[in-house]
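Following: one structure in structure tokens, then a few remarks.
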Amino acid sequence: MIYEQPQKSVYIKTMGCQMNEHDTEVILGILTSLGYHEVGSVEEADLILYNTCSVRENPERKVYGHITSFRALKEKNPSLVIGICGCMTQQKLELENILQKLPHVDLIFGTHNIHRLPELLDRAASGERIVEVWDQGEDIIEDLPVQRRDPLRAFVNVIYGCTNFCTYCIVPYTRGRERSRDAEAIVEEVRALALDGVREITLLGQNVNAYGKDLKNPTDFAELLHRLNAIPGLERIRFTTSHPRDMKDPLIEAMAALDKVCEHLHLPVQSGSSEILRRMNRGYTREDYLELVRRIKNVIPNVNLTTDIIVGFPGETEEDHQATLDLVEDVGFSSSFTFLYSPREGTPAAKMADQIPEATKKQRIYELIELQNRISAATMAAEVGSIRDILVESYDSVKKTLLGRTKNHYQVVVEGPEHLVGEIVEVRITRSLTWTLRGELLGNHSSAVC
Ligand code: SAH
Ligand code: SF4
Ligand code: F3S
């Protein structure tokens, strides 16, 4: 006799980077196979799961605030399971804090043992408080189920962890050392995705262009791109995040030569001052970065460069800050993620002298954002008049418009019919708005699908 499994519901909140977003897709894949479905509010949930980020202090504070407020839900429904996973649990001090301050949390697991979720959940359901966090990933676990949130675009992990130890950053402590996936496994996964209708993949790694260095048969990221570019059905290949130190010529050349690889490079600079970069342990100087940008622009026409910048790193002088503003102007990033430096316990920078007062950090970030907004507007305006292919991602039934992205990563809105979602269409860019471009469809796309 077949018994129907009772349906259970999960509310999952994801914080942090795309690595966490993808982990959530895996967690949801596992939970779906256990009979769970996702719900949009905590009130409806049998399981509440917070997939956390530790990279800055603010999101961590939010986790404590939110989870404390779930105490009432737990009192009303004692069988509710509340879980925390992700990067916060990987830090010993933070874990102790969670255990102490959030006694109503039933289930804690880390970034290295997501595949253990079925067993952990089973034990948590019987009322036991489950805490299982591994210091380091074992071998990479392949073939976990994935619940993709988007039928057209998919994330694919290529390298886990980070061994760069930038002095401000918690990630090497929460994600472990660099471990590349076997190239064959990546190619197989992407082939299967393409067969399933995925048009665009984003290859993920904290340091994606360090791919392959640690493998028994060393390969590199450029070589991987060549293999993926040959997969039939796949249209676009993106990747993030690239470290300037590992941005070697074969990779730049592969970006230019391979038709599916998009002309967008997220290349975090962090600071425009060589002295600050040295103290950050980034492994390049201001001049190295600018020289690299020159090479990239020479080889890849239409390249769109974006970046991350930390403002107010310990010891940052007004001169260092000006050097960052100068570099931003010089490179002409189309956008940048700008962050106030946030001291992370256990990292060398948190113990450095000359921590910068909050007010100074804020003043500097305002200046930077203002400059970046000006440059963003100019880079977007420069796209007007160009003819680009966009992959149509969605349809707005009220405005009757399509939203898509160019290969070089600009968002474009055009009037057009819904059946073009999932298609690559040619558009002429007609106007630039604050964060999107407007365009018009070229060619005859208005007829209905046969
Ligand atoms: N591996 C990527 C990004 C990792 S985290 C890289 O090296 O580029 C994403 C961004 O968060 C970083 O690029 C950095 O700008 C920012 N960040 C990391 N630690 C931070 C901290 N302690 N304070 C403020 N911003 C931080
Ligand atoms: Fe953090 Fe640096 Fe590694 Fe990026 S490269 S994850 S900033 S340690
Ligand atoms: Fe945050 Fe962990 Fe990503 S600390 S940025 S979720 S790797």
Side-chain angles (χ1 to χ4, degrees), residues 13-24 27 50-60 62-63 84-91 94 110-112 114 133 137 155 157-179 203-211 239-247 265-272 276-277 279-284 289 305-314 316 324 328 333 335-352 355-356 358 361-362 364-365 368:
K13 168 94 178 162
T14 312
M15 305 167 114
C17 64
Q18 282 124 329
M19 237 74 47
N20 256 18
E21 276 180 49
H22 189 48
D23 283 352
T24 287
I27 291 169
Y50 264 58
N51 191 6
T52 60
C53 171
S54 285
V55 85
R56 286 171 292 277
E57 193 187 351
N58 260 345
E60 284 192 348
K62 268 194 204 153
V63 170
I84 301 188
C85 59
C87 289
M88 273 173 80
T89 68
Q90 291 290 152
Q91 297 160 262
E94 208 58 61
T111 57
H112 301 300
I114 290 173
V133 178
F155 291 131
N157 279 324
V158 302
I159 179 168
Y160 296 91
C162 180
T163 325
N164 277 335
F165 290 95
C166 301
T167 54
Y168 51 81
C169 185
I170 199 73
V171 171
Y173 308 91
T174 65
R175 293 273 167 172
R177 67 184 155 73
E178 266 168 21
R179 283 125 38 233
L203 306 173
L204 294 181
Q206 281 301 342
N207 192 2
V208 75
N209 53 349
Y211 174 77
F239 53 89
T240 196
T241 298
S242 301
H243 195 296
R245 186 163 42 187
D246 292 306
M247 203 62 217
L265 188 62
H266 187 65
L267 194 66
V269 65
Q270 312 298 359
S271 168
I276 295 294
L277 289 169
R279 291 158 57 101
M280 287 176 161
N281 189 32
R282 288 292 290 178
Y284 53 87
Y289 188 91
L305 292 167
T306 55
T307 201
D308 292 349
I309 296 169
I310 297 178
V311 172
F313 185 81
E316 185 188 73
T324 299
V328 166
F333 299 108
S335 71
S336 49
F337 294 103
T338 51
F339 306 105
L340 296 175
Y341 168 69
S342 169
R344 306 284 58 212
E345 203 159 341
T347 62
K351 293 193 277 299
M352 286 181 187
Q355 299 283 327
I356 306 295
E358 283 306 299
K361 286 188 202 170
K362 285 192 179 145
R364 288 180 184 169
I365 207 167
L368 178 57

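Just so you know, ligand 1 is whichever comes first in the structure, and atom 1 is the first atom listed for that ligand.
Under a 4.0 Å criterion applied to the non-hydrogen atoms of Pro172, ligand 2 contributes the atoms 8 (S). Against a heavy-atom cut-off of under 4.0 Å, Phe165 is close to the following atoms of ligand 2: 8 (S). Here is the list of ligand 2 atoms found below 4.0 Å of a heavy atom in Val171: 6 (S). Atom numbering of ligand 2 starts at 1 in the shown order; those under 4.0 Å from a heavy atom of His243 are 5 (S). Per-residue contacts place Gln206 under 4.0 angstrom from the following atoms of ligand 2 (heavy atoms of the residue considered): 6 (S).
For the pair Met19 and Val171, the minimum side-chain heavy-atom distance is 4.5 Å or more. Side-chain contact between Pro172 and Asn164 is absent, with no heavy atoms from C-beta onward closer than 4.5 Å. Counting heavy atoms from C-beta on, the side chains of Ile310 and Tyr168 come closer than 4.5 Å. The shortest distance between side-chain heavy atoms of Gln90 and His112 falls below 4.5 Å. Within the 4.5 Å cutoff, side-chain heavy atoms of Ile27 are placed close to those of Cys85.
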Going through the distances and angles, do Met88 and Tyr50 end up as a side-chain contact (heavy atoms from CB on, under 4.5 Å)?
-> CA-CA 10 Å; Met88 273 173 80; Tyr50 264 58; over 6 Å; no
Intermediate values then yes/no, side-chain contact (heavy atoms from CB on, under 4.5 Å), Phe337 and Asp308 = CA-CA 5 Å; Phe337 294 103; Asp308 292 349; 3.4 Å; yes
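Among all non-hydrogen protein atoms, the one lying nearest atom 5 (S) of ligand 2 is Asn164 ND2, 3.3 Å. Considering only non-hydrogen protein atoms, atom 7 (S) of ligand 2 sits nearest to Tyr168 OH, 3.3 Å. Scanning all protein heavy atoms for the shortest distance to atom 1 (Fe) of ligand 2 gives Cys169 SG, 2.3 Å. The nearest protein atom to atom 3 (Fe) of ligand 2, hydrogens excluded, is given as Cys162 SG, 2.2 Å; this is a heavy-atom distance. Scanning the protein for heavy atoms near atom 2 (Fe) of ligand 2, the closest one is Cys166 SG, 2.3 Å.
In this model, no donor atom of one side chain and acceptor atom of the other lie less than 3.5 Å apart for Gln18 and Thr240.
Classification of the Phe165-Tyr173 ring pair by plane angle, with boundaries at 30° and 60°, yields perpendicular. Ring geometry for Tyr284 against His243 counts as perpendicular: the plane angle is over 60°, on a 0 to 90° scale with 30° as the lower cut.
Around atom 4 (Fe) of ligand 2, the closest heavy atom drawn from Arg282, Glu178, Gln270 belongs to Arg282.
Under the 3.5 Å distance criterion, the side-chain polar atoms of Thr307 are matched with a main-chain donor or acceptor of Leu267. In this structure a side-chain-to-backbone donor-acceptor pair under 3.5 Å is missing from Thr338 to Ile365. Using a distance-only test at 3.5 Å, with no hydrogens or angles considered, a donor-acceptor pair links the side chain of Asn20 to the main chain of Thr52.
Ordered by chain and residue number, the residues placing a heavy atom less than 4.0 Å from ligand 1 are Val55, Arg56, Tyr168, Gln206, Thr241, Pro268, Gln270, Arg282, Asp308, Ile310, Phe339, Leu340, Tyr341, Ser342, Arg344.
No cation-pi contact links Arg279 to Phe313, judged by a cut-off of 6.0 Å to the six-membered ring centre and 45° from its axis.
Of the charged side-chain nitrogens involved, at least one lies within less than 4.0 Å of a carboxylate oxygen, so that Glu60 and Arg344 count as a salt-bridged pair.
Neither the backbone nor the side chain of Pro268 comes within contact range of ligand 2; no heavy atom lies under 4.0 Å.
Protein N/O/S atoms found under 2.8 Å from atom 3 (Fe) of ligand 3: Cys17 SG.
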